[in-house]
Q: 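Structure in structure tokens, see below.
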Amino acid sequence: MRVEERVELSRFTTLGTGGPARAFARPEREDELLALLRDARERGLAVATVGLGSNLLVADEGVDALVLKLAGDLAAVHTAGDSRIVAGGGAANAVVLHHARNAGLGGFEFACAIPGTIGGGVWMNGGAYGGDFAAVLTRVQVATADGSGWLTPAELGLSYRHSELRHGQVVLAAELQLHERDPAEIKAEVRELNARRKAAQPTNRRTFGSVFKNPDHELTAGRMLEACGLRGHRIGGAQISPKHANFIENADGATTADAIALMVEARRRAFEQYGVELRHEVELLGAIELPALG
Ligand SMILES: Cc1cc2nc3c(=O)[nH]c(=O)nc-3n(C[C@H](O)[C@H](O)[C@H](O)COP(=O)(O)OP(=O)(O)OC[C@H]3O[C@@H](n4cnc5c(N)ncnc54)[C@H](O)[C@@H]3O)c2cc1C
């Protein structure tokens, strides 16, 4: 299995920022993945997996770890009978949805506007339009240096945009329980959801999706930041989206440090104006920290 050194991770994040990984590999089969995990453990090297990097801020200095990107069999999709689909952790949601529609299986439509993979969706318990991964998962195959096994959604500790998974645990595959549905109906619903998304969010810009989780407050994170006057606020090459204030765009040559500086400012203003401590939804990889408020 080829392991590359110092691969620029900006190529693998939707924001287009981030420095190099100390080591990088694209396993295509379970045995390759397990060998990589064992080897990393022997070398004392941390392991992290990237999907489509659509919820990821990678440190500009890079990541001192073996970074994995699942491919081949580990990104394949199969129909498994009883309206179930088994998808590799590296399979893009769009590919899984396409497969489900062709098989006449509904229930995964909510993921049409989540531009990630199955692995990232499980890790984040991704969701939209009232649906989420927790609602469709029956079991998830997780690999570590000790081998692989299937976990139930309860064992993954899924809650709002959260799982108990930790780096070094790799989502190899997930089994989804769907239900029979006319492909034409699926297509119509996906078209409608995508149109709603396009109207509300900067879908044609380089972003990483929602920056902050919605707080326990009458205002969503986006509305709160908008009320704080942050729409269009820019630091370096990064800008709070003029269309939706809970998105950060790579306006022109942004760095991760620019995005973090915007997040710090957004948290400061939300705290001062509303007494709310916004918590980030985006995953941070490498030596990045958001300073405590106050
Ligand atoms: C325009 C846009 C709209 C979005 N809309 C939504 C939305 O409506 N709802 C929503 O929930 N999210 C949304 N997102 C965020 C993002 O798409 C989701 O969080 C998605 O599930 C991330 O998947 P990914 O494969 O890109 O993961 P990445 O961003 O690559 O990684 C996210 C986390 O998952 C881990 N990970 C990824 N793959 C694996 C694996 N195989 N095994 C173990 N860990 C893994 C990574 O280490 C990281 O910690 C949006 C993003 C964008 C850019």
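Remember, it's 1-based here, ligands and their atoms both numbered in the order they're listed.
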Q: What atoms of ligand 1 come closer than 4.0 angstrom to any heavy atom of Leu56?
A: 29 (O), 30 (O), 48 (C)
Q: Would you check the N or O atoms of Glu281, main chain and side chain alike, for any that come under 3.5 Å of an N or O of ligand 1?
A: no
Q: Can you tell me if Arg197 and Gln201 form a side-chain donor-acceptor pair at under 3.5 Å?
A: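 Their side chains do contain a donor-acceptor pair, which is all the 3.5 Å distance test asks for.
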Q: Verify the cluster assignment for Leu74 and Leu137: are they in a single hydrophobic cluster under the rule of side-chain heavy atoms below 4.5 Å apart?
A: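 The answer is no; the residues belong to distinct hydrophobic clusters.
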Q: Can you sort out the partners of Glu28 under salt bridge (charged side-chain N to carboxylate O under 4.0 Å, His left out), two or more places apart, ordered by chain and number?
A: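 Expected list: none.
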Q: Counting heavy atoms only, which of Ala91, Gly209, Ala174 is nearest atom 51 (C) of ligand 1?
A: Gly209
Q: Considering only heavy atoms of Val50, which atoms of ligand 1 have at least one such atom less than 4.0 Å away?
A: 30 (O)
Q: For the 3.5 Å polar cut-off, considering only N or O atoms, please tell me whether Arg197 and ligand 1 meet it.
A: yes
Q: Is it the case that atom CZ in Arg223 sees more than 12 heavy atoms from other parts of the structure closer than 6.0 Å?
A: no
Q: Could you tell me whether the side chains of Glu30 and Ser148 share a donor-acceptor contact shorter than 3.5 Å?
A: yes
Q: Just to be sure I read this right, does ligand 1 sit under 4.0 Å from the backbone of Ser210, its side chain, both, or neither, counting only heavy atoms?
A: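 Neither part.
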Q: With heavy-atom distances below 4.0 Å as the criterion, list the atoms of ligand 1 near Gly121.
A: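 Ligand 1 atoms under the 4.0 Å threshold to Gly121: 21 (O).
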Q: Which atoms from ligand 1 have a heavy atom of Gly127 less than 4.0 Å away?
A: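 Listed by number with element: 7 (C), 8 (O), 9 (N), 10 (C), 11 (O).
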Q: Which residue and atom name correspond to the protein heavy atom nearest atom 16 (C) of ligand 1, and how close is it?
A: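 Here the nearest protein heavy atom works out to Ser54 OG, 3.2 Å.
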Q: Provide the number and element of each atom of ligand 1 under 4.0 Å from a heavy atom of Gly116.
A: 23 (O), 24 (P), 25 (O), 26 (O)
Q: Any side-chain donor paired with an acceptor under 3.5 Å for Thr138 and Gln177?
A: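 There is no such pair (donor and acceptor under 3.5 Å, judged by atom type) between the side chains of Thr138 and Gln177.
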Q: Measure the distance from atom 28 (P) of ligand 1 to every protein heavy atom, then report the residue, atom name and distance (to 0.1 Å) of the closest one.
A: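 The closest one turns out to be Gly53 N, 3.7 Å.
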Q: Counting the benzene-type ring for Trp, do Phe247 and Phe212 have ring centres under 6.0 Å apart?
A: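 No, ring centres 6.0 Å or more apart.
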Q: Compare Gly119, Gly88, Pro115 and give the one whose heavy atom is closest to atom 2 (C) of ligand 1.
A: Pro115
Q: Just say parallel, tilted or perpendicular for the rings of Phe24 and Phe12, cut-offs at 30° and 60°.
A: parallel
Q: Is Phe12 touching ligand 1 with its side chain, its backbone, both, or neither, if touching means heavy atoms under 4.0 Å apart?
A: neither
Q: Cut-off 3.5 Å, side chains only: do Arg196 and Tyr129 have a donor facing an acceptor?
A: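 No - no donor-acceptor pair under 3.5 Å links their side chains.
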Q: In Å, rounded to the nearest 0.5 Å, how long is the span from CE of Met1 to CG of Asp31?
A: 10.0 Å
Q: Can you name the nearest heavy-atom pair linking Thr117 to Gly51, along with the distance?
A: OG1-CA, 3.6 Å
Q: Could you check atom 47 (O) of ligand 1 against the protein and tell me its nearest heavy-atom contact, residue, atom and distance included?
A: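 The closest heavy atom on the protein side is Thr49 O, 2.6 Å.
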Q: For the residue pair Ala134 and Asn125, what are the closest heavy atoms and their distance?
A: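 For Ala134 and Asn125, the tightest heavy-atom pair comes out as N-OD1, 2.9 Å.
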Q: Hey, which atoms in ligand 1 end up nearer than 4.0 Å to a heavy atom of Ala128?
A: 8 (O)
Q: Checking the N or O distance criterion of under 3.5 Å, is ligand 1 in contact with Met124?
A: no
Q: Please check whether Asn55 reaches ligand 1 - meaning an N/O of the residue sits under 3.5 Å from an N/O of the ligand, judged on distance alone.
A: yes
Q: In terms of residue, atom name and distance, what is the protein heavy atom nearest to atom 42 (N) of ligand 1?
A: Val171 N, 2.8 Å
Q: So does His98 have more than 12 non-hydrogen atoms from other groups sitting under 6.0 Å from NE2?
A: no
Q: Could you list the atoms of ligand 1 found under 4.0 angstrom from a heavy atom of Gly51?
A: 25 (O), 28 (P), 30 (O), 37 (C), 38 (N)
Q: Going by heavy-atom distance to atom 13 (C) of ligand 1, choose the closest among Leu70, Ile114, Thr203.
A: Ile114
Q: Find all atoms of ligand 1 within a distance of less than 4.0 Å from any non-hydrogen atom belonging to Ala113, and give their numbers and elements.
A: 3 (C), 4 (C), 5 (N)
Q: Give yes if a backbone or side-chain nitrogen or oxygen of Trp123 is under 3.5 Å from a nitrogen or oxygen of ligand 1, and no if not.
A: yes
